[in-house]
Number of protein chains: 2
Amino acid sequence: MVRDDSKSENAASAKSGGTARSKKREETSARIVHAARQSFAKRGFHGTSTRDIASVAGTNQGLITYHFGTKDVLWRAAADNLFEEIGERLFDRLTQPQSADERENARESIREFVRFSAEYPEFFWLMVDEGKNADERLDWLISTHLRPRFEALSDYMLNALGYAEEDLPHVYYTLAGAASLIFAVAPECRQLTGIDPLKKETVERHADFVARLIIT
Amino acid sequence: MVRDDSKSENAASAKSGGTARSKKREETSARIVHAARQSFAKRGFHGTSTRDIASVAGTNQGLITYHFGTKDVLWRAAADNLFEEIGERLFDRLTQPQSADERENARESIREFVRFSAEYPEFFWLMVDEGKNADERLDWLISTHLRPRFEALSDYMLNALGYAEEDLPHVYYTLAGAASLIFAVAPECRQLTGIDPLKKETVERHADFVARLIIT
DNA sequence: GTCTATAATTAGATAGAC
DNA sequence: GTCTATCTAATTATAGAC
């Protein structure tokens, strides 16, 4: 998702060392992507302006064009960046059994998913924001990131958890919704119920609540 | 939420009958509100332009200003309209017991809520869109619509379902998320899983799935 | 009441100086 | 690579004709 910069490594810059230049490039690019991730998550694609992103990244709007071309490409880069982190944080360790008790393994996997949902509400926001409209952003999101993850999860649910094939969509969306919503609307939850869902004890409470609900 | 129009019922229009004029006013206003509900739900507050709303309503942008003043006021009117329908569709019949079996009553209430979520994904979209940012739209939404509903539901969950006070937020958001997400991201679900969540049988399947999950 | 025209802002994208 | 200045289009809100 980062533009090929081999062409810009010209003779002039080669003297001072192409590595330093491309390092700075990547630093700036990364700052922009990070700011974009935050903004797109909180305000959605339409609610986010490239000027705001540049401002959060501590730079200017022109640089976004230079590094990414269009707002759409930047959005994809932000999504890539998010899913990269998600992969490391979640999917890799979700299928690793810890205990001899199958059901307790499953419960702990669900607890892990709830903890993840508290850490990365962005995932849920992105899913809801983009999942409700059939457009090319959704197409890209599914083929690039969602499908491989869903299929890995499906295998796990079929084999380790023993769900029936036709229940998979219900399990998947039920779990995702049950685990995530309370954190995704944290400001509302605070104001409406008086409790802060992002407090460590509350996260654990919710994790256990959902885990015991799904795996009795 | 409709602007007081008593002042515009002047002497000139009184001749042709104030009722006819105010009837037309309300029809136009209602068309705009209806279009606004659709657009705000699907695209969010920022992603929706008043011109698009006017176009869907079959009128022009100037009339929106005339009837509602600002985009923000129109958004409130759209939310009011949604919650009015929700009240009729859901909250009134949720607490009416049908069977002698307490657990089956609870299950049927949950099934009803799932069916409602399939019919009104707007509710979920609104909740997620506005619940993630602490701003004055959220304040208004909570104090005007969410709090009274949440307290009514809390009573029901405490008394009829026998949940503990400190579990209420977890029950509430778990149920809301579990019931709604699959319908809220219907296009994604179709493309990702191959099943259409809005098909009648699928709605019932999900309703039963969630109901049996929560009330074993 | 309804509509067209337009003002004032803001958006994404571009050009060019450094 | 970075930044400022600017173009074009779209936005909300306003003014005024009918």
Side-chain angles (χ1 to χ4, degrees), chain A residues 2-33 35-36 39-40 43-55 57-78 137, chain B residues 2-32 35-36 39-40 43-55 57-76:
Chain A
V2 172
R3 183 193 277 201
D4 184 333
D5 58 351
S6 57
K7 287 201 299 286
S8 63
E9 290 302 333
N10 55 27
S13 62
K15 265 182 281 185
S16 63
T19 335
R21 175 152 241 167
S22 78
K23 193 180 172 190
K24 188 165 193 186
R25 167 191 276 275
E26 274 163 40
E27 275 173 13
T28 305
S29 170
R31 260 189 6 256
I32 293 173
V33 168
S39 301
F40 282 135
R43 303 266 164 199
F45 183 81
H46 294 289
T48 299
S49 77
T50 53
R51 272 184 174 79
D52 286 345
I53 293 173
S55 164
T59 178
N60 59 79
Q61 195 224 0
L63 257 193
I64 290 184
T65 310
Y66 173 73
H67 281 282
F68 299 95
T70 70
K71 185 183 182 181
D72 209 79
V73 172
L74 175 57
W75 177 85
R76 282 167 161 81
R137 280 203 307 281
Chain B
V2 171
R3 183 193 277 200
D4 185 333
D5 59 350
S6 55
K7 288 201 299 283
S8 62
E9 290 301 333
N10 55 26
S13 61
K15 266 182 279 183
S16 62
T19 334
R21 176 152 236 165
S22 78
K23 193 180 173 189
K24 188 165 194 188
R25 166 190 277 275
E26 274 163 40
E27 275 172 13
T28 305
S29 170
R31 263 192 1 259
I32 293 174
S39 301
F40 282 134
R43 304 266 164 199
F45 184 81
H46 294 288
T48 299
S49 76
T50 53
R51 268 187 175 77
D52 285 346
I53 294 173
S55 164
T59 178
N60 59 79
Q61 194 224 1
L63 257 193
I64 289 185
T65 309
Y66 173 74
H67 281 283
F68 299 95
T70 70
K71 186 183 181 181
D72 209 79
V73 172
L74 174 57
W75 178 85
R76 282 167 160 80

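Scope of the values below: all heavy atoms of this structure, side chains included, with no hydrogens, waters or symmetry mates. Every chain is numbered from 1 and lettered A, B, ... according to where its sequence line falls, protein lines coming before strand lines.
Partners of A/S49 under the side chain to side chain contact (heavy atoms under 4.5 Å, CB included) rule, at least two apart in sequence or in another chain, are A/R51, A/D52. Residues satisfying the side chain to side chain contact (heavy atoms under 4.5 Å, CB included) test with A/T48, not counting sequence neighbours, are A/S39, A/F40, A/R43, A/I53. Every residue two or more places apart in sequence or in another chain that forms a side chain to side chain donor-acceptor pair (under 3.5 Å) with A/R137 is listed here: A/E130. Residues forming a side chain to side chain contact (heavy atoms under 4.5 Å, CB included) with A/T70 (at least two apart in sequence, or on another chain): A/D72, A/V73.
Distance check: A/T28 OG1 to A/I64 CD1 gives 11.5 Å after rounding to the nearest 0.5 Å. Expressed to the nearest 0.5 Å, how far NE2 of A/H67 lies from CD1 of A/I32 amounts to 5.0 Å. If you take OH on A/Y66 and OG1 on A/T59, they are separated by 12.0 Å, rounding to the nearest 0.5 Å. Interatomic distance, B/L63 CG to B/T50 OG1, rounded to the nearest 0.5 Å: 12.0 Å.
Protein atom CG of B/N60 is 15 Å distant from nucleotide atom P of C/dT6, rounded to whole Å. Remark: C1' of D/dG1 and CG of A/L63 are 7 Å apart, rounded to the nearest angstrom. Regarding A/D52, its CG atom lies at a distance of 18 Å from the P atom of C/dT9, rounded to whole Å. One atom, CD1 of B/I64, and another, P of C/dC3, lie 12 Å apart when rounded to the nearest Å. Here C/dG1 presents its C1' atom at 5 Å from OH of B/Y66, a figure rounded to the nearest Å. One interatomic measurement links the two molecules: CZ of A/F68 to P of D/dG1, which rounds to 14 Å at whole-angstrom precision. For B/R43 and D/dA10, the CZ to C1' distance is 15 Å, given to the nearest whole Å. Rounded to whole Å, atom P of C/dG12 lies 8 Å from atom CZ of A/F45.
For B/S49, a side-chain nitrogen or oxygen approaches OP1 or OP2 of D/dT11 to under 4.0 Å. Side-chain N/O atoms of B/H67 include one lying less than 4.0 angstrom from OP1 or OP2 on C/dT2. In terms of phosphate contacts, A/T65 brings no side-chain nitrogen or oxygen within less than 4.0 Å of OP1 or OP2 of C/dT14. Within the structure, every side-chain polar atom (N or O) of B/T28 is placed at least 4.0 Å from both OP1 and OP2 of C/dG1. Under 4.0 angstrom from either OP1 or OP2 of C/dG12 there lies at least one side-chain N or O belonging to A/K71. For the OP1/OP2 pair of D/dC3 and a distance below 4.0 Å, the side-chain nitrogens and oxygens of A/T59 include at least one atom meeting the criterion.
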Name the pairs: protein N/O against N/O of nucleotides 6-8 of chain D, kept only if under 3.5 Å.
unit_1	atom_1	unit_2	atom_2	d
D/dT6	O4	A/R51	NH2	3.4

Listing time: all N or O pairs from protein to nucleotides 15-18 of chain D that are below 3.5 Å?
none

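Side-chain contact between B/F45 and B/K71: present, with at least one pair of heavy atoms (C-beta onward) separated by less than 4.5 Å.
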